[in-house]
Amino acid sequence: MKFFLITFILFVSCSGSSLTAEGRILDIKKGDLVGDFEYIELNVNNEKIRFYSENKMFDHYTYDHLISHQLNGDYLEINYEKKSQRNIILEIEKHDHSH
């Protein structure tokens with residue numbers, strides 16, 4: 001019984017760490033490989049916030065694709081977690097909200 005209780009507590013404490021931010025792209029830092037990016041900076045409620053990719057790929061959200069969203073002024077939603085004082089991207093979604 002103790003094992004299940006400990007497992008449940010760990011699951012709940014870990015699953016609650018995902019955060020969400022939405023905003024327009026201010027800057028994108030290109031990565032070393034084709035399509036890679038190091039980070040995206042979004043304007044979230046008039047604050048510049050940087051989100052790091054940690055060299056992971058996010059579906060069709062390549063560097064060039066993100067640049068097109070930046071040029072269009074599109075809103076992105078980023079699901080992320082705080083790790084070592086950095087915002088690490090878990091998932092990227094596009095939103096066509098007209099704010």
Side-chain angles (χ1 to χ4, degrees):
M1 184 66 180
K2 278 185 185 177
F3 172 76
F4 292 112
L5 182 60
I6 291 169
T7 305
F8 176 75
I9 291 169
L10 285 173
F11 176 76
V12 170
S13 64
C14 293
S15 64
S17 62
S18 176
L19 304 165
T20 302
E22 183 180 323
R24 285 196 169 120
I25 300 171
L26 295 173
D27 188 29
I28 307 164
K29 172 92 162 92
K30 190 163 178 18
D32 294 333
L33 301 175
V34 173
D36 278 2
F37 64 93
E38 278 188 42
Y39 64 76
I40 303 172
E41 285 181 348
L42 293 187
N43 179 353
V44 180
N45 299 323
N46 293 320
E47 183 181 348
K48 181 168 40 171
I49 302 178
R50 187 174 287 184
F51 302 92
Y52 292 89
S53 71
E54 292 198 321
N55 300 312
K56 292 184 195 135
M57 296 299 288
F58 298 95
D59 198 17
H60 66 281
Y61 291 101
T62 61
Y63 174 79
D64 293 330
H65 189 86
L66 289 166
I67 290 289
S68 71
H69 284 303
Q70 180 182 23
L71 294 173
N72 288 335
D74 296 332
Y75 278 79
L76 286 187
E77 182 177 293
I78 294 183
N79 297 319
Y80 67 100
E81 65 182 355
K82 286 270 193 197
K83 192 191 295 181
S84 303
Q85 304 300 313
R86 291 165 48 128
N87 301 317
I88 307 303
I89 301 170
L90 300 173
E91 187 179 24
I92 301 173
E93 297 179 31
K94 177 178 174 274
H95 284 273
D96 287 324
H97 299 265
S98 50
H99 290 252

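- In this structure, His69 and Tyr61 have tilted ring planes: the angle between them lies in the 30° to 60° band.
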With a cut-off of 3.5 Å and sequence neighbours excluded, list every side-chain donor-acceptor pair involving residues 80-87.
unit_1, atom_1, unit_2, atom_2, d
Lys82, NZ, Asn87, OD1, 3.0
Asn87, ND2, Arg50, O, 3.1

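- With rounding to the nearest 0.5 angstrom, the CD1 atom of Ile28 is 6.0 Å from the CD1 atom of Ile40.
- What you find for Ala21 and Val44 is that their closest heavy atoms are CB-CG2, 4.1 Å.
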Can you list the steps and then say if Ile92 with Leu76 is a side-chain contact (heavy atoms from CB on, under 4.5 Å)?
CA-CA 7 Å; Ile92 301 173; Leu76 286 187; 4.1 Å; yes
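- No donor-acceptor distance shorter than 3.5 angstrom exists from the side chain of Arg24 to the backbone of Asn43, with no hydrogens or angles considered.
- Taken from CG in Asp32 to CD in Glu38, the straight-line distance is 6.5 Å, to the nearest 0.5 Å.
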Evaluate side-chain contact (heavy atoms from CB on, under 4.5 Å) for Met57 paired with Thr62, printing each intermediate quantity in order.
CA-CA 7 Å; Met57 296 299 288; Thr62 61; 4.2 Å; yes
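- Hydrophobic side-chain contacts under 4.5 Å tie Tyr39 into a cluster, directly or through other members, with Tyr52, Ile88.
- Tyr63 and Leu71 fall within a single hydrophobic cluster, where Ile, Leu, Val, Met, Phe, Trp and Tyr are joined by side-chain heavy atoms under 4.5 Å apart, directly or via other members.
- For the atom pair Leu42 CG and Glu77 CD, the distance stands at 10.5 Å (nearest 0.5 Å).
- In this view, Lys30 satisfies the salt bridge (charged side-chain N to carboxylate O under 4.0 Å, His left out) rule with no residue, not counting sequence neighbours.
- Side chains of Asn79 and Thr20: a donor-acceptor N/O pair is present below 3.5 angstrom, by distance only.
- Under a hydrophobic-cluster definition in which Ile, Leu, Val, Met, Phe, Trp and Tyr are linked whenever side-chain heavy atoms come within less than 4.5 Å, directly or via other members, Leu90 and Phe37 are assigned to different clusters.
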Go through it in stages, so that I can follow the logic: the residues are Ile78 and Ile89, the test is side-chain contact (heavy atoms from CB on, under 4.5 Å), and I'd like the CA-CA distance, side-chain angles, deciding distance and then a yes or no.
CA-CA 7 Å; Ile78 294 183; Ile89 301 170; 4.0 Å; yes
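- We find the NE2-CD distance between His65 and Gln70 to be 13.0 Å, quoted to the nearest 0.5 Å.
- In this structure, CG in Asp27 is found 7.0 Å from NZ in Lys48, a value given to the nearest 0.5 Å.
- One hydrophobic cluster, built from ILVMFWY side chains closer than 4.5 Å, cannot hold both Tyr75 and Leu26; they sit in different ones.
- A donor-acceptor pair is defined here as one N or O able to donate and one able to accept, closer than 3.5 Å; such a pair exists between the side chain of Asn72 and the backbone of Ser68.
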Step by step, would you call Asn45 with Glu47 a side-chain contact (heavy atoms from CB on, under 4.5 Å)?
CA-CA 5 Å; Asn45 299 323; Glu47 183 181 348; 5.6 Å; no
